[in-house]
2 protein chains.
Amino acid sequence: MARSDIPDIVIGRLPIYLRALTHLRQEGQEITSSHELGRQLGISSAQIRKDLSHFGEFGKQGTGYNIASLSAELQRILHVDREWKVALVGIGDLGRALANYGGFAHRGFRITHLFDRDPNKIGQIIGNLEILAVDGMRAVLRADRVEVAMITTPAGAAQAVADELVEAGVRAILNYAPIALSVPASVRVQYIDPVLHLQRMVYYLE
Amino acid sequence: MARSDIPDIVIGRLPIYLRALTHLRQEGQEITSSHELGRQLGISSAQIRKDLSHFGEFGKQGTGYNIASLSAELQRILHVDREWKVALVGIGDLGRALANYGGFAHRGFRITHLFDRDPNKIGQIIGNLEILAVDGMRAVLRADRVEVAMITTPAGAAQAVADELVEAGVRAILNYAPIALSVPASVRVQYIDPVLHLQRMVYYLE
DNA sequence: TAGATTGTTAATCGATTAACAATC
DNA sequence: TAGATTGTTAATCGATTAACAATC
């Protein structure tokens with residue numbers, strides 16, 4: 001099946017499967033089944049098998065899936081069998097937390113560039129990275145072929161930053177600013193806004 | 001239509017509508033239409049009208065929607081026309097960032113409790129809140145009737161924290177630890193894992 | 001072999017969209 | 001009135017699930 005024919009919603013679940021497989025592996029398990037995975041994730045086993053079937057046959061009847069090899073397949077499919085450079089724009093509290101976050105390693109990403117526009121922050125070091133001026137961002141990201149970025153600026157600055165990122169050749173943006181971005185169709189955007197998640201839950205309370 | 005009959009996916013979009021309305025309002029606009037909202041959000045106008053129709057009739061033919069009153073309706077529907085107390089467990093970099101984040105105010109939430117298990121952190125003040133020992137968490141949250149919590153501990157501690165929160169009467173958990181939690185069906189859980197979002201995007205790159 | 005689980009088909013279920021009467 | 005937009009219906013589209021032959 002052609003890559004573009006596969007539903008977005010299926011792609012959205014693959015990283016969840018990959019994460020669950022990684023945990024099982026860390027616990028020393030070598031084999032799993034669609035039923036076990038489904039039970040852990042609250043997803044039907046049929047759905048897991050169907051999702052995987054878009055990409056090939058990875059299991060063995062009567063046995064299930066080899067965790068190591070299914071993980072490798074999913075990493076390859078998702079393009080996280082490499083390390084993507086990631087730019088982080090807006091080094092406030094959240095930006096600092098992400099810059100120090102250990103969870104990117106071994107999952108396909110490494111933060112390689114930090115940008116801010118505050119002259120007091122420019123030149124500071126976080127981890128082993130220097131905070132750079134957002135003014136020169138476009139040239140730097142182009143030169144270093146950075147295609148993935150995260151925006152952790154205030155809402156008011158986010159659209160301008162996104163425009164710059166697009167100009168710099170960035171094609172995937174994870175936006176923490178609580179605002180919908182307008183970008184060309186060729187650029188992917190995902191959003192993280194904790195308040196949206198909280199609001200979705202308290203609807204069901206009371 | 002009964003509250004429980006409304007699809008989760010519809011509930012999931014209401015906070016997005018509310019956020020967009022808030023922005024329009026901040027720009028001084030008083031009226032909008034399903035077409036304008038849809039254009040901004042990349043959602044069809046029919047879907048917006050259908051979603052809203054689950055809850056009542058909020059628009060005026062030929063005119064559209066009054067932004068202030070539709071916002072008020074959505075706040076009421078989502079139960080964010082009040083201020084929910086929120087406990088934050090795990091005061092690392094991310095916990096600190098969330099504790100200092102200004103984005104909760106006026107959107108239905110206020111962080112009222114901070115917990116950590118590190119004796120060096122307990123007693124520290126962030127903003128106007130003291131970091132409390134996670135040992136006493138259950139009693140404190142019960143006494144203060146806290147029903148919403150965010151987990152920002154390492155993955156290894158998250159399930160135990162979730163169990164404690166459930167015991168304390170918490171019914172909505174936003175989990176930043178990269179692990180699927182197991183909780184009773186009556187407790188809502190949402191997840192934030194930036195790596196999942198990044199993985200969903202780079203699938204489409206190359 | 002007996003038991004278990006896959007991959008796939010067909011049926012079911014649910015969500016989205018197009019279209020339009022109603023009406024401001 | 002003429003133009004615009006809602007709320008709703010029916011049709012379309014797409015996703016999930018149940019079931020099972022294949023087979024390890």
Side-chain angles (χ1 to χ4, degrees), chain A residues 1-18 20-21 24 29-74 77 200 203, chain B residues 1-18 20-21 24 29-74 77 200 203:
Chain A
M1 184 175 244
R3 187 149 267 266
S4 60
D5 290 345
I6 294 166
D8 284 358
I9 199 162
V10 172
I11 306 307
R13 282 189 293 260
L14 298 187
I16 298 173
Y17 302 159
L18 178 56
L21 291 169
L24 288 173
Q29 199 170 321
E30 291 187 1
I31 302 286
T32 188
S33 69
S34 60
H35 294 87
E36 184 181 46
L37 269 179
R39 215 178 312 117
Q40 275 186 27
L41 298 174
I43 291 177
S44 80
S45 62
Q47 180 158 86
I48 293 173
R49 293 197 302 280
K50 185 119 222 285
D51 285 352
L52 296 177
S53 76
H54 286 100
F55 302 95
E57 308 189 356
F58 307 118
K60 194 183 278 187
Q61 285 103 324
T63 307
Y65 302 91
N66 178 286
I67 291 172
S69 69
L70 182 56
S71 294
E73 291 286 358
L74 288 177
I77 292 165
R200 284 167 187 152
Y203 168 83
Chain B
M1 182 176 246
R3 185 151 270 265
S4 59
D5 291 344
I6 294 166
D8 283 358
I9 199 162
V10 172
I11 305 308
R13 283 191 292 261
L14 298 186
I16 298 174
Y17 301 159
L18 177 56
L21 290 168
L24 288 172
Q29 199 170 322
E30 290 187 3
I31 301 286
T32 188
S33 68
S34 58
H35 294 86
E36 183 181 45
L37 268 179
R39 215 179 311 115
Q40 276 187 25
L41 297 174
I43 291 176
S44 80
S45 62
Q47 180 158 86
I48 292 172
R49 295 198 300 280
K50 184 123 224 285
D51 285 351
L52 296 178
S53 75
H54 286 101
F55 303 95
E57 308 190 355
F58 307 117
K60 196 183 276 186
Q61 284 103 322
T63 307
Y65 301 91
N66 178 287
I67 292 172
S69 68
L70 182 56
S71 294
E73 292 285 358
L74 288 177
I77 291 164
R200 283 167 187 153
Y203 168 83

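Throughout, a chain's letter reflects where its sequence line sits, starting with A, and its residues are numbered from 1. We use all heavy atoms of the structure for the numbers below, so side chains are in, but hydrogens, waters and symmetry mates are not.
Within 4.0 Å of A/S45, counting heavy atoms only, lies no atom of the nucleic acid at all.
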Given side chain to side chain contact (heavy atoms under 4.5 Å, CB included), test B/L52 with B/Y65 step by step and report yes or no. CA-CA 11 Å; B/L52 296 178; B/Y65 301 91; 3.8 Å; yes

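Nucleotide D/dC13 holds its P atom 16 Å from the CG atom of A/D5, rounded to whole Å. With rounding to whole Å, A/I48 atom CD1 is found 17 Å from D/dA15 atom P. Atom NE2 of A/H54 is separated from atom P of D/dT16 by 10 Å (rounded to the nearest Å). Look at OH on B/Y65: it is 13 Å from C1' on D/dA4, rounded to the nearest Å. Atom CD of A/E73 is separated from atom P of C/dG7 by 11 Å (rounded to the nearest Å). Atom-to-atom, CD1 of B/I9 to C1' of D/dA15 comes out at 10 Å; the value is rounded to the nearest Å. Following rounding to the nearest Å, B/D8 (CG) and D/dA15 (P) show an atom-to-atom distance of 18 Å. If you measure from atom CD1 of A/I6 to atom P of D/dG14, you get 15 Å, rounded to the nearest angstrom.
The structure places OH of B/Y17 at 5.0 Å from CD of B/Q47, a figure rounded to the nearest 0.5 Å. With rounding to the nearest 0.5 Å, the separation of OH in B/Y203 from CG in A/L74 is 11.5 Å. Note: B/I48 CD1 to B/L37 CG = 5.0 Å, rounded to the nearest 0.5 Å. We find the CD1-CG distance between A/I9 and A/D51 to be 9.0 Å, quoted to the nearest 0.5 Å. B/S34 contributes atom OG, which lies 14.0 Å from atom NZ of B/K50 (distance to the nearest 0.5 angstrom). To the nearest 0.5 Å, atoms CD (A/E73) and CG (A/L18) are separated by 12.0 Å.
Along DNA chain D, the nucleotide nearest A/D51 and the nucleotide nearest A/K60 are compared for position; the residue whose nucleotide lies closer to the 5' end is A/D51. With DNA chain C read from its 5' end, the first of the two nearest nucleotides for B/K50 and A/S53 is the one closest to A/S53.
In this model, the phosphate group of D/dT16 is not approached by any side-chain N or O of A/S44 to a distance below 4.0 Å at OP1 or OP2. Look at B/R13 and you'll find a side-chain N or O under 4.0 angstrom from OP1 or OP2 of C/dT16. Distances shorter than 4.0 Å separate none of the side-chain N or O atoms of B/Q61 from OP1 or OP2 on C/dA22. Distances shorter than 4.0 Å separate none of the side-chain N or O atoms of B/T63 from OP1 or OP2 on D/dT5.
The shortest non-hydrogen separation linking B/P15 to A/R200 is CG-CG, 3.9 Å.
Distances were taken from every side-chain heavy atom of A/A46 (C-beta onward) to each of D/dA15, D/dT5, D/dA18; the shortest belongs to D/dA18. Nearest nucleotide to the B/S34 side chain, out of D/dT6, C/dT6, D/dA18: D/dT6. Comparing C/dT17, D/dT17, C/dG7 by their nearest atom to the side chain of A/Q47 picks out D/dT17.
Remark: DNA chain C takes part in the stems C:3-24 with D:3-24, each of 3 or more antiparallel Watson-Crick or G-U pairs, criterion distances under 3.5 Å.
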